[in-house]
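Report on the following structure.
Chain letters run A, B, ... following the sequence lines, proteins first, then strands; residues in each count from 1.
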Number of protein chains: 2
Amino acid sequence: MIQNLTEHDREHLQEALGKSGQKVTPQREAVFTVLLAERDHPTVDEVFQRAREVMPGVSLATVYNCLETFVGCGLVRQVNHERESTRYCPNLAPHAHFRDKETGRVHDIELPPEVIKSLRSILPPGFDSEVIEISFHGRAQAKDSPAN
Amino acid sequence: MIQNLTEHDREHLQEALGKSGQKVTPQREAVFTVLLAERDHPTVDEVFQRAREVMPGVSLATVYNCLETFVGCGLVRQVNHERESTRYCPNLAPHAHFRDKETGRVHDIELPPEVIKSLRSILPPGFDSEVIEISFHGRAQAKDSPAN
DNA sequence: GTGAGATTTTGAATCATTCTAAGTACCAAC
DNA sequence: GTTGGTACTTAGAATGATTCAAAATCTCAC
């Protein structure tokens, strides 16, 4: 069952939206409620299904809009950041990727073994990871692609 | 300009394909050549455009097939691993994600500040990152979602 | 209450990717 | 050298997530 927002959460929503000049609407409340109710990293479609339980008339487009708005004002995070076309690289050495916001270019960043180790060490017992994907997003002033 | 494969690269291709009972074909050679020629993490469509310069008749479907084959036999790596629907989470504390291969579930993994620091430290000078995305892929025997 | 601007809705459009069915190439056995 | 099998490629249709466009609705300041 999806509970109503607590006073505190409602204020949080209000404040975050307000800061960027946007309003609290029933739809936004519904979507936010859904996100807080079950923190299982739902897809848009899952959010949509659940939101309809609370507000039967909401549309899928609105759910997309709300989520975009929330991401924009820092209320929620996108897990598959900037879903774009899949990219391929023939560099098989362990490395991270850095996507330059400005150019869209992706650079390889060498990944020293001790960093990999420290990453693995944060996994709780019972979690066994074969693949670690790391990607940075930001700006690079570098002239040329580094390590490749 | 896209050069032909070196002897060495051709052998590499041959061996990797052979291991999984697959053949070297002109199309696969062309696609592999393209991948090695410019290591800029191209999208499928970019690979397709470039492959056509080398082999005008090649089809998009074949490029998809070749890339899938290469990933399967470990010749290349996919940058946007498992492109799926975008997911959302309201956990704003810095954390990594762990996707369980079996269930498809995504778990939050707490990210200690020192690990973040060590990650930032691998960026070459001139690279300034605002967002770091980390995702593990593997198996979890845990009963329940941990830190959330 | 009116009007401007923001928000929502529906349905169409787009884009990456996958699927399907038919065609082609190659190799082995005869 | 023909036959058959298997892997591979092709074109185009189908799918699925997401975005867009235009009309309808809401909200708030006045």
Side-chain angles (χ1 to χ4, degrees), chain A residues 10 13-14 16-34 41-52 54-73 75-88 99 104 106, chain B residues 13-14 16-34 41-52 54-73 75-88 104 106:
Chain A
R10 189 188 310 275
L13 178 62
Q14 163 104 50
L17 285 171
K19 262 187 192 156
S20 39
Q22 287 165 305
K23 298 170 196 163
V24 177
T25 66
Q27 288 86 345
R28 286 179 180 162
E29 269 195 31
V31 171
F32 194 54
T33 305
V34 162
H41 308 83
T43 62
V44 176
D45 210 66
E46 285 162 347
V47 175
F48 177 49
Q49 305 303 338
R50 296 175 198 173
R52 280 205 294 196
V54 178
M55 174 178 271
V58 257
S59 74
L60 179 58
T62 298
V63 172
Y64 271 101
N65 291 340
C66 291
L67 289 170
E68 195 189 331
T69 303
F70 293 166
V71 171
C73 65
L75 276 170
V76 309
R77 199 175 129 177
Q78 230 170 349
V79 174
N80 275 355
H81 235 261
E82 324 229 14
R83 181 193 149 94
E84 283 182 346
S85 307
T86 304
R87 291 170 183 275
Y88 291 85
R99 166 149 50 235
V106 178
Chain B
L13 178 62
Q14 163 105 52
L17 286 170
K19 262 186 193 155
S20 38
Q22 287 164 307
K23 297 172 196 160
V24 177
T25 67
Q27 289 85 346
R28 286 179 180 164
E29 269 194 31
V31 171
F32 194 55
T33 305
V34 162
H41 308 83
T43 62
V44 177
D45 210 67
E46 285 162 347
V47 175
F48 177 48
Q49 304 303 337
R50 295 175 198 173
R52 280 206 292 195
V54 178
M55 176 178 270
V58 78
S59 74
L60 178 57
T62 297
V63 172
Y64 271 99
N65 290 340
C66 290
L67 289 170
E68 195 190 330
T69 303
F70 292 167
V71 171
C73 65
L75 276 169
V76 309
R77 198 175 129 175
Q78 230 169 351
V79 174
N80 275 355
H81 236 261
E82 327 230 12
R83 181 193 149 93
E84 283 182 346
S85 308
T86 304
R87 292 170 182 275
Y88 292 85
V106 179

Nearest-angstrom distance from the residue atom [atom1] of [X] to [atom2] of [N]:
X        : N       : atom1 : atom2 : result
Asn65(B) : dT24(C) : CG    : P     : 18 Å
Asp45(B) : dT14(C) : CG    : P     : 16 Å
Met55(B) : dT10(D) : CE    : C1'   : 13 Å
Leu67(B) : dT17(C) : CG    : C1'   : 12 Å
Glu46(A) : dG16(D) : CD    : P     : 15 Å

| What is the per-nucleotide protein-contact pattern of nucleotides 19-30 of chain D, from the 5' end, where B denotes a base atom under 4.0 Å from a protein heavy atom, S denotes such proximity for sugar-phosphate atoms only, and - denotes neither? | B-----------
| query | With sequence neighbours left out, what residues match Phe48(B) under ring pair (Phe, Tyr, Trp, His ring centres under 6.0 Å)? | reply |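 Not a single residue meets the ring pair (Phe, Tyr, Trp, His ring centres under 6.0 Å) criterion with Phe48(B).
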OP1 or OP2 of [N] sitting under 4.0 Å from any side-chain N/O of [X]?
X        : N       : answer
Ser59(A) : dT9(C)  : yes
Thr25(A) : dT8(C)  : yes
Gln27(B) : dT10(D) : yes

| field | Any donor-acceptor N/O pair, Arg52(B) side chain to Gly57(B) backbone, under 3.5 Å | value | no
| Side-chain (Gln49(B)) to main-chain (Glu46(B)) donor-acceptor, under 3.5 angstrom |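 No; zero donor-acceptor contacts below 3.5 Å.
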| request: Give a yes or no on whether Gln14(B) atom CD has more than 12 heavy-atom contacts from other residues, nucleotides or ligands under 6.0 Å away. | output: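 Count not over threshold, so no.
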| Across the strands shown, which category fits Gly21(B) at heavy-atom distances under 4.0 angstrom: base, sugar-phosphate, nothing? | nothing
| message | Nearest to the Val58(B) side chain among dT9(C), dT10(D), dT8(C), which nucleotide is it? | response |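 For the Val58(B) side chain, the nearest candidate turns out to be dT10(D).
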| Who are the side chain to side chain donor-acceptor pair (under 3.5 Å) partners of Thr62(B), not counting sequence neighbours? |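 Only Ser59(B) meet the side chain to side chain donor-acceptor pair (under 3.5 Å) criterion with Thr62(B).
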| request: Taking all non-hydrogen atoms of both residues into account, name the closest pair between Ala30(A) and Val54(A) and its distance. | output: CB-CG1, 4.3 Å
